[in-house]
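Before any comments, here is the structure.
One-based numbering, in listed order, for ligands and for the atoms of each.
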Amino acid sequence: MTITQLDLRLPSSCRLAGTRIPAYMFRTYQEIAQQAAATIAQVIRDRNGLGHAAVLGLVTGSTPIQVYRELIRLHREEGLDFSNVVTFNLSEFVGLKCESDQSLRRWMEENFFKHVNIPAENIHFLDGAVSLAAVDEHCRDFERQIEQAGGIDVALLGIGRNGHLAFNEPFSVRNSRTRLARLDPITRRDAGSSFFQEENVPTSCLTAGLSTIFAARKIILVALGEHKAEI
Ligand code: PGA
């Protein structure tokens with residue numbers, strides 16, 4: 001699907017004038033979630049209709065949670081089928097076991113995966129418990145798996161207060177690939193409430209690179225609230 005076709009389904013009244021990429025403003029989070037979920041659902045139907053798996057790049061956080069709720073509703077009430085969907089989560093904290101309450105894997109399982117029918121073997125995470133010796137190979141393997149899946153059809157992203165995408169913190173380079181990286185102090189501060197206090201937030205992360213993300217055939221980047229308006 002081209003961007004033009006996608007635009008036709010979005011309310012033209014929400015299109016922001018003068019933006020170089022299609023940008024839309026909505027009054028409520030519910031409207032954003034419905035538009036984003038509808039776009040993802042269409043990608044799934046289109047790819048599956050062609051006999052291909054739909055490949056999603058996903059993140060966690062207060063931004064996408066309502067989109068996941070809407071996708072779950074579409075699954076339960078409108079029969080949206082996730083059985084031929086492949087997912088890649090684009091970031092993870094380093095130093096947490098995958099079953100840890102704060103791991104992003106756990107977040108995804110609780111808030112999305114356990115409510116829809118994506119086969120377990122189609123779900124891919126970066127492993128925050130990977131050893132330092134194995135981390136580079138782990139990151140390369142993640143990239144290989146994306147490639148083998150045919151590339152990401154649609155990536156759902158939020159944006160951090162410091163402008164990060166996944167955990168590509170300020171000064172990440174445009175051609176970066178999946179890697180071990182350090183978390184920015186603002187990201188650690190913002191994650192503090194999930195870890196009871198900022199000191200408990202890991203200092204390192206694994207993240208898909210900007211280049212990994214920008215290779216997606218479609219990107220939905222959602223920014224919520226006035227505090228994100230200037231980013
Ligand atoms: P948030 O985080 O959704 O919790 O605001 C966005 C981000 O860090 O990308």
Before accepting this row, confirm whether a basic side-chain N of the pair Glu70/Arg73 lies closer than 4.0 Å to the acidic partner's carboxylate O.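 Here Glu70 pairs with Arg73 in a salt bridge, since their nearest N and O are under 4.0 Å apart.
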Considering only NZ, NE, NH1 and NH2 on the basic side and carboxylate oxygens on the acidic side, decide whether Arg140 and Glu137 come within less than 4.0 Å.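 So Arg140 pairs with Glu137 through a salt bridge.
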Ligand 1 versus Ile159: contacting region, heavy-atom distance under 4.0 Å: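 Backbone only.
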Within the 4.5 Å heavy-atom criterion, are Ile123 and Phe112 side-chain neighbours or not?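 No, side chains not in contact.
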Any Leu74 side-chain heavy atom under 4.5 Å of Gln34 side chain: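 They are not in contact (no side-chain heavy atoms under 4.5 Å apart), so the answer is no.
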On a heavy-atom basis, I'd like to know which of His164, Lys228, His227 is closest to atom 7 (C) of ligand 1.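 Heavy atom nearest to atom 7 (C) of ligand 1 belongs to His164.
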For atom 1 (P) of ligand 1, closest protein heavy-atom neighbour: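 Here the closest protein heavy atom is Ser62 OG, 3.4 Å.
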Among protein heavy atoms, which lies nearest atom 3 (O) of ligand 1, and at what distance?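 Its nearest protein heavy-atom neighbour is Thr63 OG1, 2.5 Å.
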